[in-house]
Amino acid sequence: MDNVFDILSERGYIDQVTFEDELRELLGKESVTFYIGFDATADSLTLGHFLQIMVMMHMQKAGHRPIALLGGGTTMIGDPSERNDMRKIMTKEMIDYNASQFKKQLSRFLNFEEDKALMINNRDWLQNLNFLDFMRETGVHFSVNQMLSLDSYKNRLDQGLTFFEFSYLLMQSYDFLRLYRDHNCKLQLGGSDQWSNILGGYDLIRKVENDKVYAMTFNLLTTAAGTKMGKTQSGTIWLDSEKTSPYELYQYMRNVDDNDVEKFLSLLTFLPMNKVKELGRLEGSEINKAKEVLAYEVTRLIHGEEEAEKSQQAAKSLFTGDQDEGSIPFTQMDKSQFKEGLWIIDLLRKADLIKSNGEGRRLIQQGGIRIDDVKVKDFRDIITLEDFTDGKLLLRKGKKIYHQIKI
RNA sequence: GGAGGAGUACCCAAGUGGCUAAAGGGGACGGACUGUAAAUCCGUUAGCUAAGCUUUCACUGGUUCAAAUCCAGUCUCCUCCA
C-alpha cells in the first residue's frame, strides 16, 4: 500500500516536517491520530481551509484518524500571526455560531462514524482553566526570550502586542498536549504560518510527557502571482453555497492562471497524478480543457455532482452563445416592480452587482453592462416588463459576471 | 509615572491656510487585445437622477471670508526612560 506521506509529498502539500523519516515510517505502519485546528473567525470555511480538509481526507483514506479541533476557546484570543487588523475581539455567541457552521461543513468531507474522525472544541478545556495551575504546569515551559525571536511576534513588536495575544501560543500548545493525553494524538498539521505555533506544542509534550510527537505544515494556497488564493474582488471564496454559489466557485476555478492549473489539480482534486500531469502539459488554448476539469472537480467535491454539472452547463452555454441559464445566480423579483418601469441602476443594485449608484453609472458609461447581451448605453434607462422574455432577463457585468432576474 | 512621535480614502503614502474630493504607488473595477488565461495599453476608483450639490483627512469644540493644514481638549497607537 502507498504510504500517505509519499502521496502528500508527491502532490505538493508538504512544507516543513519534523523528523521526516520517522514520521513517514510511523504513518506507514500504524493508524495515527492527528489534528488540525480551525479558528472560528467567520461563519463559513473558505477555500483556504479546503486545502487542509483535502489533507485530512487523504489521511483518513489511508486509515489515520483526524481530529478537527474547533477553536472555540483560542478564537477568543485571536492568533497574533494573522494580519494585525484581526485584533477585534469576538463575542462568545458569534464564535459558537461559527463553530457550529464549521461542524456542519466538515461533516460533509470527513467520515465521523464510529470515531473514525473526531470533532472537538477547545473551549471544553480552555474555558475553565485555572490560571495558576495552568501557569505552573504549562507557563513554566515557555521561554519569553525564545518566543520573542519568532517571526510571528517579531513583526508585531513595533505595532504593539498585548500579553493577551502573546499567550496564544501557550493555548495552542496546550491544545496539543490535551489531545495527546486524551486521544493519543501524535501529529499536528497546519498551514505553514502555523509552524511555530505547532512546534510550541511539540516542545511542550516533549518536556511534560517525555514523548516525541510530530509536526507537519503545508504550503499555503497561493496563486502564481504570489497572492493568497481564494480572495476575489467580491471577497473570499466560501464553502457555504449561500455565501459563494457553486457557479461562482466554478467560475473562480475556471479562471485561474495557466501556471496554477497543475498545482491546483494536484492539491484540490483527487485525480491521479499521471492524469494531473497530463492535463498540466496542455498548452495554449488547449489548457482550457484542464481548467474545465479543475473547475468541475473542485465544485463536485465541495457541492456535489449535481451542482457541478449545473455550473458546467451554465458556463458552457453562456460562453458559447446559446442561452441556457442553468445555475447562474439569480434574483427573484416581483412583477409589479416593473409595471411602472424600474431604473436600470436600481435593478443592478437589487441584483447586488454594484455597491453605489455612482458605480453603476460609471460601469454603464464605460460599456460594462449588458442586458441580454445588448450593451446598455444610457444610465437613465428604465427597465419594463417588455425587456423580459419568458419572465427572465440576463444581466452581464464586465466580461464574465452574469446574473439573472426572474419575475 | 516621565519625555518624544504618529493617526489621511480598500492598503501603503504625499500634502502643513484657499488652485484639494485630496499627488504617487499597490490593489480593485471597466474597455481594447486574447483562450472566460497571462502580459501590455487606455480609462475609472466618496455619495447623490450628477456640468451642480452633499459628506470626508482619529474624535469634539474653536480661530478664520476660507482648515486635512492653525489653536484647545479627548481617544488610540508607537518609541525611549521608570
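By convention in this document, chain letters (A, B, ...) are assigned in the order of the sequence lines, proteins followed by strands, and residues within each chain are numbered from 1.
At a threshold of 4.0 Å, the pair A/Asp6-A/Arg24 counts as salt-bridged, since one of the basic side-chain nitrogens sits closer than that to a carboxylate oxygen. Classification of A/Arg181 and A/Glu137 as a salt-bridged pair holds, one side-chain N sitting under 4.0 Å from a carboxylate O.
With rounding to whole Å, A/Leu279 atom CG is found 16 Å from B/A37 atom C1'. Rounded to an integer number of Å, the gap from CG of A/Asn288 to P of B/U34 is 15 Å. Nucleotide B/G30 holds its P atom 11 Å from the CG atom of A/Leu353, rounded to whole Å. Following rounding to the nearest Å, A/Ile287 (CD1) and B/A39 (P) show an atom-to-atom distance of 15 Å. Rounded to a whole Å, the NZ atom of A/Lys399 is 8 Å from the C1' atom of B/U34. Rounded to whole Å, the distance from CG on A/Asn259 to C1' on B/A37 is 9 Å. Atom CD1 in A/Ile354 sits about 13 Å away from atom C1' in B/G30, given to the nearest Å. Between A/Leu294 atom CG and B/U36 atom C1' there is a gap of 14 Å when expressed in whole angstrom units.
Across all strands, A/Gly367 comes closer than 4.0 Å only to sugar-phosphate atoms, never to a base (heavy-atom distances). Among the protein residues, A/Gln251 comes within range of the nucleic acid bases, having at least one heavy atom under 4.0 Å from a base atom.
Both A/Arg380 and A/Asp258 lie close to RNA chain B; mapped to their nearest nucleotides by heavy-atom distance, the more 5′-ward contact belongs to A/Asp258. In terms of position on RNA chain B, the residue among A/Glu292 and A/Phe379 whose nearest nucleotide sits closer to the 5' end is A/Glu292.
One finds a side-chain N or O of A/Lys400 lying less than 4.0 angstrom from the OP1 or OP2 phosphate oxygen of B/A37. For B/G30, the OP1/OP2 oxygens have no side-chain nitrogen or oxygen of A/Arg396 closer than 4.0 Å. For B/U49, the OP1/OP2 oxygens have a side-chain nitrogen or oxygen of A/Asn357 closer than 4.0 Å. Using a 4.0 Å cut-off, no side-chain N or O of A/Ser285 falls inside it from OP1 or OP2 of B/U34.
Of the N and O atoms on the side chains of A/Gln172 and A/Thr74, not one donor lies less than 3.5 Å from an acceptor on the other residue. A donor-acceptor contact closer than 3.5 angstrom is absent between the side chains of A/Gln188 and A/Gln194. Between the side chains of A/Glu307 and A/Tyr250, no donor-acceptor pair is found at a separation under 3.5 Å. Side chains of A/Gln313 and A/Lys310: no donor on one and acceptor on the other come within 3.5 Å.
Nearest to the side-chain atoms of A/Trp343 among the listed nucleotides B/U49, B/A37, B/U36 stands B/U49. Here the nucleotide nearest the side chain of A/Leu363, chosen from B/G30, B/G31, B/A38, is B/G30. Comparing B/G30, B/G47, B/A37 against the side chain of A/Ser356 picks out B/G47 as the nearest. Taking only side-chain atoms of A/Asn255, from C-beta outward, the nucleotide of B/U34, B/G30, B/A37 with the closest atom is B/A37. Picking from B/U49, B/C48, B/C29 the nucleotide with the shortest atom distance to the side chain of A/Lys397 gives B/C29.
Comparing the P positions of B/C33 and B/G17 gives an interatomic distance of 49 Å, to the nearest angstrom. Taking atom C1' on both B/G47 and B/A39, the two are 36 Å apart, rounded to the nearest angstrom. For the C1' atoms, the distance linking B/A68 with B/A21 amounts to 12 Å, nearest Å. With both ends at atom C1', the span from B/A37 to B/U44 equals 23 Å, rounded to whole Å. For the P atom pair drawn from B/U56 and B/G61, the interatomic distance equals 11 Å after rounding to whole Å. Annotation: B/G62 and B/U69 have their C1' atoms spaced 15 Å apart (nearest Å). The separation of B/U64 from B/G18, taken at their C1' atoms, amounts to 12 Å, rounded to a whole angstrom. Annotation: B/A82 and B/U8 have their P atoms spaced 31 Å apart (nearest Å).
With pairs defined as Watson-Crick or G-U wobble and both atom distances under 3.5 Å, the stems of at least three pairs that touch RNA chain B come out as B:1-7 with B:75-81, B:10-12 with B:24-26, B:27-32 with B:40-45, B:46-48 with B:52-54, B:58-62 with B:70-74.
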Output one line per pair: protein atom, nucleotide atom from nucleotides 41-45 of chain B, and distance, for all N/O pairs under 3.5 Å.
| from | atom 1 | to | atom 2 | distance (Å) |
| --- | --- | --- | --- | --- |
| B/G43 | N2 | A/Gln366 | OE1 | 3.3 |
| B/U44 | O4' | A/Gln366 | OE1 | 3.2 |
| B/U44 | O2' | A/Arg362 | NE | 3.2 |

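Ring centroids of A/Phe50 and A/Phe109 are separated by less than 6.0 Å, placing the two rings close together. Between A/His49 and A/Phe38, the distance separating the two ring centers is shorter than 6.0 angstrom. Checked against the 6.0 Å centroid criterion, the rings of A/His183 and A/Tyr35 do not qualify as a close aromatic pair.
Expressed to the nearest 0.5 Å, how far CD1 of A/Ile371 lies from CG of A/Leu395 amounts to 5.5 Å.
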_Let's go through A/Glu278 and A/Arg281 carefully: what are the C-alpha distance in whole Å and the side-chain angles of both, what is the deciding distance for salt bridge (Lys or Arg N to Asp or Glu O under 4.0 Å) to 0.1 Å, and is it a yes or a no?_
CA-CA 5 Å; A/Glu278 188 188 312; A/Arg281 267 198 298 274; 5.7 Å; no

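Sorted pairs that involve residues 55-75 of chain A and meet salt bridge (Lys or Arg N to Asp or Glu O under 4.0 Å), not counting sequence neighbours, are lacking altogether.
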